[in-house]
Amino acid sequence: MYNIYMTTAYTFLPSPQHEYPDHPERPGRLDVLTPKLDSFHAERLDFTPAKHEEIARVHLPRLITGLERVCREQAPGIIDYAPTYVTQTSFDDAMLAAGATMSCSRAVVNGEVDNAFAIVRPPGHHAEPDKAMGFCLFNNVAVAARDALAQGLERVLVVDYDAHHGNGTQAAFLEDERAAYLSTHQWGIYPGTGWIDDAPQARKRIVNVPLPAFAGDQVIKRVADGIIQPMVELFKPEMIFVSAGFDAHWSDPLTSLGFSSAGFFGISKHLVELAGEHCDGKIVFVLEGGYDPTNVANGVGAVFAALAGSGPAFDAGDPCPRGEPDFEARLEEIRTWHGF
Ligand SMILES: [Zn+2]
C-alpha cells in the first residue's frame with residue numbers, strides 16, 4: 001500500500017564559533033528555531049566532515065588548502081567585501097556543513113528516508129569553484145549535488161529561492177550538463193549576477209528569474225507554474241535540491257522581496273510535489289540565507305510541513321503588508337528566452 005506519510009530526515013549544524021562582531025550571518029539566526037527542532041517529527045541524522053576530495057568535486061584544491069591556512073594562521077578576519085569572515089573554526093565548520101548536507105542527500109539517494117533538510121551554516125550558494133564569497137565558504141548544495149551524481153544519478157536540479165542569486169552554484173554547473181540550476185532572486189542587489197541572459201550556452205538548464213522588489217507569494221507561484229514546471233518536465237531530474245533562503249521574507253533586514261511564511265510553504269510544497277512526480281520523491285532542502293531568527297524558524301517549519309506531504313498548509317500569520325508588482329511581462333520574457 002502506498003504510504004502517504006513521508007519519512008523526513010535532517011541534519012543540524014549551528015556552528016556557534018563561526019561568528020564575527022555585528023555580522024548578520026551569525027549563530028543567533030537559529031536561536032528561535034533551535035528549541036523547535038524536536039517538534040518537526042523528523043529523524044536527525046549524524047554526519048562527518050566532508051573529505052577534501054568531496055569538496056574538490058566543486059572547488060579548486062588551492063581554494064580548499066588556502067582557506068584552511070587562512071583559518072588556522074590568520075583568523076579571525078575578513079576575506080572579501082561582502083563582507084565574508086573567517087574564524088579559527090570556520091574551515092572545520094565549512095567541512096562539517098558540506099558533510100551534513102551530503103549526509104542528507106546520501107540518505108535520500110540510498111532510499112533510507114524519503115526527503116531531508118540540511119540546516120547548516122555557514123551557507124554556501126555564493127561560493128564559486130575558485131572563490132569563497134558572500135558569507136559562503138564551500139558551496140554545500142553544489143557539493144551534495146555532485147556527490148549524488150557520483151553515487152550514480154544522471155541528472156540533478158538545484159532550485160534556489162534565496163533572495164540573492166546563487167552565483168556560485170551557477171558557476172559550478174555552467175558546463176555540467178548533468179546539473180540544472182534555477183534561481184529566483186531580487187534584481188539589483190548582491191552579488192549583481194543572475195540576469196535572464198547570464199548563461200546563453202545553457203538555455204533551459206541555467207535559468208535565472210530576476211524579481212522586482214516586493215515580489216512575493218503570488219509571483220513565486222506564477223514562476224513555479226510557468227517556468228519551474230516546464231523546466232522540470234524538459235530536464236527530467238532524478239533528484240531536486242533546494243537552496244532555501246528565508247531572506248526572501250518581506251521583513252528580512254537585508255533585502256526587499258515580499259514572501260510570507262505561507263509563500264515559503266507554497267513553493268516548497270510545489271517542489272516536493274514535482275519531486276514526487278518526476279524524481280521518485282527525492283528532494284533535499286539546504287539552508288542558505290535568512291537574517292531574522294523568527295523568519296528562519298517559520299521558514300524551516302514551512303519546509304518541514306511541505307516535506308511531510310500531508311497535513312494543513314503552514315501559515316505563520318505574517319502576510320506581506322504591500323501589494324506585489326506585476327510580473328507577467330518578465331515571466332513571458334524568461335519563458336521566451338528559454339523556449340518554455
Ligand atoms: Zn541570501
Side-chain angles (χ1 to χ4, degrees), residues 13-15 18-20 22-30 33 79-85 94 97 101 117-128 131-142 158-172 181-195 198 207-217 219-220 223 241-261 263-264 267-268 271 285-300 302-303 320:
L13 181 75
S15 298
H18 178 69
E19 70 170 330
Y20 200 79
D22 301 320
H23 198 285
E25 205 295 285
R26 65 194 195 281
R29 292 173 59 212
L30 307 180
L33 169 68
I79 60 170
D80 83 342
Y81 77 95
T84 307
Y85 66 86
T101 308
F117 194 174
I119 304 165
V120 299
R121 55 178 299 277
H125 73 151
H126 292 305
E128 297 192 350
K131 191 162 45 177
M133 60 180 278
F135 312 170
C136 300
L137 301 180
F138 297 133
N139 194 320
N140 304 314
V141 76
V158 178
V159 175
D160 183 337
Y161 61 62
D162 187 278
H164 301 92
H165 181 233
N167 58 292
T169 312
Q170 173 173 294
Y181 178 63
L182 179 138
S183 174
T184 58
H185 43 272
Q186 185 183 347
W187 181 244
I189 64 172
Y190 185 89
T193 49
W195 187 246
D198 256 21
V207 178
N208 283 306
V209 184
L211 302 175
F214 311 116
D217 299 359
V219 167
I220 194 67
V223 171
F241 291 82
V242 184
S243 274
F246 303 111
D247 45 6
H249 191 279
W250 62 268
S251 69
D252 187 85
L254 266 58
T255 68
S256 304
L257 286 177
F259 287 55
S260 74
S261 298
F264 287 125
I267 181 60
S268 301
L271 295 169
F285 285 71
V286 184
L287 181 66
E288 300 285 359
Y291 302 98
D292 175 276
T294 299
N295 293 344
V296 171
N298 286 334
V300 169
V303 168
C320 181

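Every heavy atom of this structure was used, including side-chain atoms; hydrogens, water molecules and symmetry mates were not. In what follows, residues are counted from 1 in the order of the sequence shown. All of these numbers come straight from a predicted model, not from anything done at the bench. In listed order, ligands and their atoms are each counted from 1.
- In summary, the aromatic rings of Y85 and H23 are positioned with their centroids under 6.0 Å apart.
- In summary, the aromatic rings of H126 and Y190 are positioned with their centroids under 6.0 Å apart.
- In this structure, F264 has its ring center closer than 6.0 angstrom to the ring center of Y161.
- Using modelled atom types, one finds a donor on one side chain and an acceptor on the other under 3.5 Å when comparing S243 with E288.
- For H164, the N, O or S atom with the smallest separation from the Zn ion (ligand 1) is ND1.
- Looking only at its N/O/S atoms, D162 has OD1 as the one nearest to the Zn ion (ligand 1).
- The Zn ion (ligand 1) lies closest to atom OD2 when only the N/O/S atoms of D247 are considered.
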